[in-house]
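To keep things clear, I will list the structure first and then write my remarks on it.
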Amino acid sequence: MTRVREIVVVAKGGPVEVRERIAAAPAAGSALIEVEASGVAFADVHMLHGTYPAQPKFPFTPGYELVGKVRQVGEGVPAQLVGRRVAALTVTGGWRSFAEVPAKSLVPVPEEIAGPVAAAVVLNGITAYQLAHQVAKISAGQTVLVHGASGGVGSLLVQLALNAGARVLGTASAAKHPAVRELGAEPIDYRGDVVARVRELAPGGVDVVFDHLGAGSYARSWNLLARNGIVVGYGSASTYDRPGNRFLPYLPLLGRVLGYRLRGLLGAANGRRASFYGIRPDMKARATLVAVFELVRSGQLEVPIAEQLPLVEAGAALEKMISGRGVGKIVLIP
Ligand SMILES: NC(=O)c1ccc[n+]([C@@H]2O[C@H](COP(=O)([O-])OP(=O)(O)OC[C@H]3O[C@@H](n4cnc5c(N)ncnc54)[C@H](OP(=O)(O)O)[C@@H]3O)[C@@H](O)[C@H]2O)c1
């Protein structure tokens, strides 16, 4: 008999409860994972407030990602999988001591990578890698602006861009400038005049901007682009607690993306391109995670961990995520 401890967000805005139950045997095609570590993502904050585009119904168990060991498998899943160390992009349901996950979504985790580090890089690693190499296709000699360079995704974007041979400017709050500098980027205070400072540092404009903030910021980012530059939006962090329809904050953002693309088609964009990225838990994401784990294993990618907390402190972890005090990722340990 396996006892499962899990976190449940009961209703919009909370409460966030710790519950226990007995695990059922895994269904056909699934595996029961004993969770070693699970990450806290900004998407969990959106889901708590009911503002995530793919919002689960309340009550639900959050947890976008997990790392652990396979303890039991359902019908049709090879028995050799039992005992293997794996990761999964679960979207929800990762904040459990044991989690049932479709076997096809599992990715092997190299033994050299510690559990919290591996968990911290599932969602953010796939996102940053796909943004840098598949959407923006950063190349040597480019100048890249990373908004939120001290954050979970941002800190990885900075490193991937530097590894590709780019110069990196990174916005962050002033207290986090030493951390941004340490990563190798030139910090810019987002509470100051970001546009003026970027123009000072890169008078010809920047080649790539990664923007997680939403419509207003996206427009400013577009105006900072050099000829043939690209702005890639991948979030609307500034609207996570905006009440109302969960799609509403994204409409002005997507409107801007389409507007700039139309300008491009009309030949009025000076070669500049506009894009928006959303992660998909598919085969491509799993292949990307294999590549990301290899970068971590070989020491080419550092994964900043802000804090490790026991699973039962998930409510406090969400509050810390909102207050944004740490540098890097918050990880929950069952
Ligand atoms: N599209 C996708 O598939 C996808 C995937 C993953 C994440 N995301 C989105 O990406 C965003 C970031 O996620 P995360 O996990 O990296 O969050 P995070 O670790 O909390 O990082 C967010 C960063 O944003 C910075 N920030 C806050 N206000 C800012 C401003 N006005 N200008 C510039 N930076 C600002 C914060 O800097 P300070 O700490 O210095 O204040 C913090 O470093 C979230 O909106 C999330 O939903 C999207």
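Just follow the structure's listing: the first ligand is 1, and inside any ligand the first atom is 1. Computation of the quantities below employed the complete heavy-atom set of this structure, encompassing side-chain atoms and omitting hydrogens, waters and symmetry-equivalent molecules.
Taking any N or O of Ser150, backbone or side chain, at least one lies under 3.5 Å from an N or O belonging to ligand 1. Taking only nitrogen or oxygen atoms, main chain and side chain alike, Val153 reaches within less than 3.5 Å of ligand 1. In terms of polar-atom proximity, Ala41 is not counted as a contact of ligand 1, lacking any N or O under 3.5 Å from an N or O of the ligand. Here's the thing with Ser236: none of its N/O atoms is less than 3.5 angstrom from an N/O atom of ligand 1. For ligand 1, the polar-atom distance check against Lys176 finds a nitrogen or oxygen pair separated by under 3.5 Å. Of the polar atoms of Gly328, none of the N or O atoms is found under 3.5 Å from an N or O of ligand 1, judged by distance alone.
Annotation: side chain of Pro56 is in contact with side chain of Met47 (closest heavy-atom distance under 4.5 Å). Contact of the Leu225 side chain with the Tyr260 side chain is not registered, since no non-hydrogen atoms from C-beta on lie closer than 4.5 Å. Using a 4.5 Å heavy-atom cutoff, the side chains of Leu156 and Tyr129 are not in contact. Side-chain contact between Phe293 and Val107: present, with at least one pair of heavy atoms (C-beta onward) separated by less than 4.5 Å. Between Arg256 and Trp222 the shortest side-chain heavy-atom distance does not fall below 4.5 Å.
Considering only non-hydrogen protein atoms, atom 42 (C) of ligand 1 sits nearest to Gly151 CA, 4.1 Å. Here the protein heavy atom with the shortest distance to atom 40 (O) of ligand 1 is Ser173 OG, 2.5 Å. Of all protein heavy atoms, the one lying nearest to atom 20 (O) of ligand 1 is Met321 CE, 3.6 Å. For atom 24 (O) of ligand 1, the closest non-hydrogen atom on the protein side is His212 NE2, 2.8 Å.
Contacts with ligand 1 closer than 4.0 Å are made by side-chain heavy atoms of Leu213 only, the backbone lying farther away.
Note that CD of Gln300 is 5.0 Å distant from CG of Leu295, once rounded to the nearest 0.5 Å.
Numbered from 1 in the order shown, with element, the atoms of ligand 1 that lie under 4.0 Å from a heavy atom of Ile279 read 2 (C), 3 (O). For ligand 1, the atoms closer than 4.0 angstrom to any heavy atom of Gly152 are 16 (O), 18 (P), 19 (O), 21 (O). Residue contact check: Tyr234 has heavy atoms under 4.0 Å from atoms 1 (N), 2 (C), 4 (C), 8 (N), 9 (C), 10 (O), 48 (C) of ligand 1. Of all the atoms in ligand 1, the ones that sit under 4.0 Å from a non-hydrogen atom of Ala237 are 45 (O). Heavy-atom contacts of Gly324 reach the following atoms of ligand 1: 39 (O) (cutoff under 4.0 Å). Listed by number with element, the atoms of ligand 1 under 4.0 angstrom from any heavy atom of Thr127 are 5 (C), 6 (C). Ligand 1 places these atoms under 4.0 Å from at least one heavy atom of Thr171: 33 (C), 34 (N).
The heavy atom nearest to atom 36 (C) of ligand 1, considering only Tyr190, Tyr277, Phe42, Tyr64, is found in Tyr190.
A salt bridge links Glu20 to Arg5: one of the charged nitrogens lies within less than 4.0 Å of a carboxylate oxygen.
Shortest non-hydrogen contact noted between Thr61 and Arg96 is OG1-NH2, 3.4 Å. The two residues Leu289 and Ala87 come nearest to each other via the heavy atoms CD2-CB, 4.2 Å. Summarising the geometry of Ser97 relative to Leu311, their closest heavy-atom pair is N-CD2, 4.0 Å, with the distance given to 0.1 Å. Closest non-hydrogen pair, Ala37 versus Ile333, comes out as CB-CD1, 3.9 Å.
Put simply, part of Gly278 is less than 4.0 Å from ligand 1, judged by heavy atoms.
No more than 12 heavy-atom neighbours from other residues, nucleotides or ligands sit within 6.0 angstrom of CZ on Arg280.
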